[in-house]
Amino acid sequence: MMTQTEPEALLSHLPKADGSATFSYAGYTVVGAVNGPIEVQRRDELPEEAAVDVIVRPAAGVGGTRERHLESLLQQTLRQIILVNNFPRTLIQVILQVTVIPENEYVNTKVAQASANLPILPALLQTAVLSLLSAALPLTATLTSTALAVTQDGGSKKIIVNPSAREIETSQSFHVFSFTSHDDLILAESEGSFNLKEWDDAFAMAYRQCCEPNTTSDGDTLMDDGSLPFSNLKNFTRTTLGEKIVSDLHWK
């Protein structure tokens with residue numbers, strides 16, 4: 001099964017949510033809904049800022065330890081970009097429903113629970129950010145995320161961007177990086193066996209995919225050399241929001 005080479009997104013399509021988005025990329029499709037600021041239970045109330053609640057629902061079955069781990073990572077990351085101090089004693093709720101996961105090329109069936117927690121994290125983060133933007137909640141920055149696997153290719157190491165399920169299973173290490181729209185690293189999670197040089201090489205590849213601009217300092221357009229499946233995720237977020245604004249204002 002071929003995975004998507006470019007991301008796709010749909011914004012504000014759930015009528016009963018303050019903000020919503022569906023994001024599809026690298027074999028994953030996630031539907032997100034955001035409600036807030038809304039009333040919070042007194043036990044969860046924070047006197048000087050909003051509480052952020054993240055709920056991850058798997059594609060099949062009920063959530064377990066894997067989903068709780070993902071929720072913890074997402075909550076810690078999203079709190080860094082949401083202006084929670086603007087909404088004291090309230091709740092911002094983010095619900096993420098996984099609807100499509102990649103096929104496992106070994107057994108030719110869909111995996112309900114992956115052996116690793118990290119592969120789906122970039123799709124969850126991107127969906128959450130697009131849903132927050134759809135809800136018009138104030139943010140300090142947006143996020144872009146990517147996943148990379150380091151594999152053994154003969155006598156050398158090879159870095160694969162957005163690897164398939166089979167490539168993840170055979171990789172020596174797996175990494176997820178997330179950057180803000182100011183090109184600052186906000187999340188780095190790794191699994192497997194790797195050294196510092198391999199981590200640095202993976203970081204450089206992730207930075208290129210998430211942060212590098214399309215133009216040079218003198219305004220010339222950079223040509224894509226084809227080495228990355230999608231060389232600027234930041235541009236994708238900007239373009240998606242721009243198209244939504246144009247669509248909303250079309251009647252005027």
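What's counted below: heavy atoms across the whole structure, side chains too, no hydrogens, waters or symmetry copies.
- Considering only heavy atoms from C-beta on, L121 comes within 4.5 Å of L187 through its side chain.
- Connection of L241 to L125 is established within a shared hydrophobic cluster, with ILVMFWY side chains joined at heavy-atom distances below 4.5 Å, either directly or through further cluster members.
- Between the side chain of E198 and the main chain of N195, a donor-acceptor pair closer than 3.5 Å is present.
- Expressed to the nearest 0.5 Å, how far OG of S164 lies from CD of E167 amounts to 3.5 Å.
- Checked options I168, N162, I101; the residue passing with P119 is I168 (criterion: side-chain contact (heavy atoms from CB on, under 4.5 Å)).
- Aromatic ring pairs are classed by plane angle as parallel below 30°, tilted from 30° to 60° and perpendicular above 60°; the pair F23 and Y25 is perpendicular.
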Before giving the answer on side chain to side chain contact (heavy atoms under 4.5 Å, CB included), spell out for T151 and I159 the whole-Å C-alpha distance, their side-chain angles and the decisive distance to 0.1 Å. CA-CA 6 Å; T151 62; I159 299 177; over 6 Å; no
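- When the side chains of ILVMFWY residues are joined at heavy-atom separations under 4.5 Å, either directly or via intervening members, Y28 and I160 end up in two distinct hydrophobic clusters.
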Apply side chain to side chain contact (heavy atoms under 4.5 Å, CB included) to residues W199 and S190 and explain how you reach the verdict. CA-CA 9 Å; W199 191 94; S190 302; 3.5 Å; yes
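- Take P138 and apply the side chain to side chain contact (heavy atoms under 4.5 Å, CB included) test, not counting sequence neighbours, and it matches L83, N86, F87.
- For the atom pair OG of S178 and CG of L73, the computed distance is 11.0 Å after rounding to the nearest 0.5 Å.
- For the atom pair CZ of F203 and CG of L196, the computed distance is 12.0 Å after rounding to the nearest 0.5 Å.
- Other cluster members for L91: I38, V40, joined by side-chain heavy-atom distances under 4.5 Å among Ile, Leu, Val, Met, Phe, Trp and Tyr.
- Considering every non-hydrogen atom in both V161 and Q209, the closest pair reads CG1-OE1, 3.3 Å.
- Here salt bridge (Lys or Arg N to Asp or Glu O under 4.0 Å) pairs that include residues 75-86, with residues two or more places apart or in two chains, are E49-R79.
- I55 meets the side chain to side chain contact (heavy atoms under 4.5 Å, CB included) test with D53, R57, E71, Q93, I95; sequence neighbours excluded.
- Applying the salt bridge (Lys or Arg N to Asp or Glu O under 4.0 Å) test to residues at least two apart or on different chains, the pairs with a partner in residues 18-45 are E45-R89.
- For the atom pair E8 CD and T22 OG1, the distance stands at 11.0 Å (nearest 0.5 Å).
- Residue V129 forms a side-chain contact (heavy atoms from CB on, under 4.5 Å) with just one option from L143, L124, V94, T77, and that option is L143.
- Sorted by first then second residue, the side chain to side chain donor-acceptor pair (under 3.5 Å) pairs that include residues 127-143, not counting sequence neighbours, are S12-S134.
- R68 and V56 get closest at one heavy-atom pair: NH2-O, 3.9 Å.
- Here the side chain of Q126 pairs no donor or acceptor atom with the backbone of A123 at under 3.5 angstrom.
- Legend: residues meeting side chain to side chain contact (heavy atoms under 4.5 Å, CB included) with A206, ordered by chain and number and at least two apart, are T146, L148, F177, F179.
- Grouped by direct or indirect side-chain proximity (heavy atoms under 4.5 Å, Ile/Leu/Val/Met/Phe/Trp/Tyr only), L46 sits alone.
- A donor-acceptor pair under 3.5 Å is formed between the side chain of T99 and the backbone N or O of T29.
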Evaluate side chain to side chain contact (heavy atoms under 4.5 Å, CB included) for S193 paired with Q172, printing each intermediate quantity in order. CA-CA 6 Å; S193 175; Q172 291 190 340; 5.5 Å; no
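- Partners of K197 under the salt bridge (charged side-chain N to carboxylate O under 4.0 Å, His left out) rule, at least two apart in sequence or in another chain, are D201.
- Applying the 4.5 Å side-chain rule to ILVMFWY residues, one finds L14 in the same cluster as V31.
- Summarising the geometry, atom CG belonging to L118 is positioned 7.5 Å from atom CG belonging to L70; distances are rounded to the nearest 0.5 Å.
- A donor-acceptor pair under 3.5 Å links the side-chain atoms of Q152 to the main chain of G154, judged by distance alone.
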Residue pair F194, H175: steps toward the ring-ring contact (aromatic ring centres under 6.0 Å, His included) verdict: CA-CA 10 Å; F194 56 92; H175 310 266; 4.8 Å; yes
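- Applying the side chain to side chain contact (heavy atoms under 4.5 Å, CB included) rule to E243 yields the partners T239; only residues at least two apart in sequence or on another chain are considered.
- Side chain of S171 to backbone of F174: no donor-acceptor contact under 3.5 angstrom is found.
- For Q97 (side chain) and P58 (main-chain N/O), a donor-acceptor pair under 3.5 Å exists by modelled atom type.
- Among residues at least two apart or in separate chains, there is no salt bridge (Lys or Arg N to Asp or Glu O under 4.0 Å) pair with a member in residues 137-156.
- Looking at L233 and R238, their side chains never come closer than 4.5 Å, going by heavy atoms from C-beta outward.
- Put simply, CD1 on I92 and CG on L132 are 7.5 Å apart, with the number rounded to the nearest 0.5 Å.
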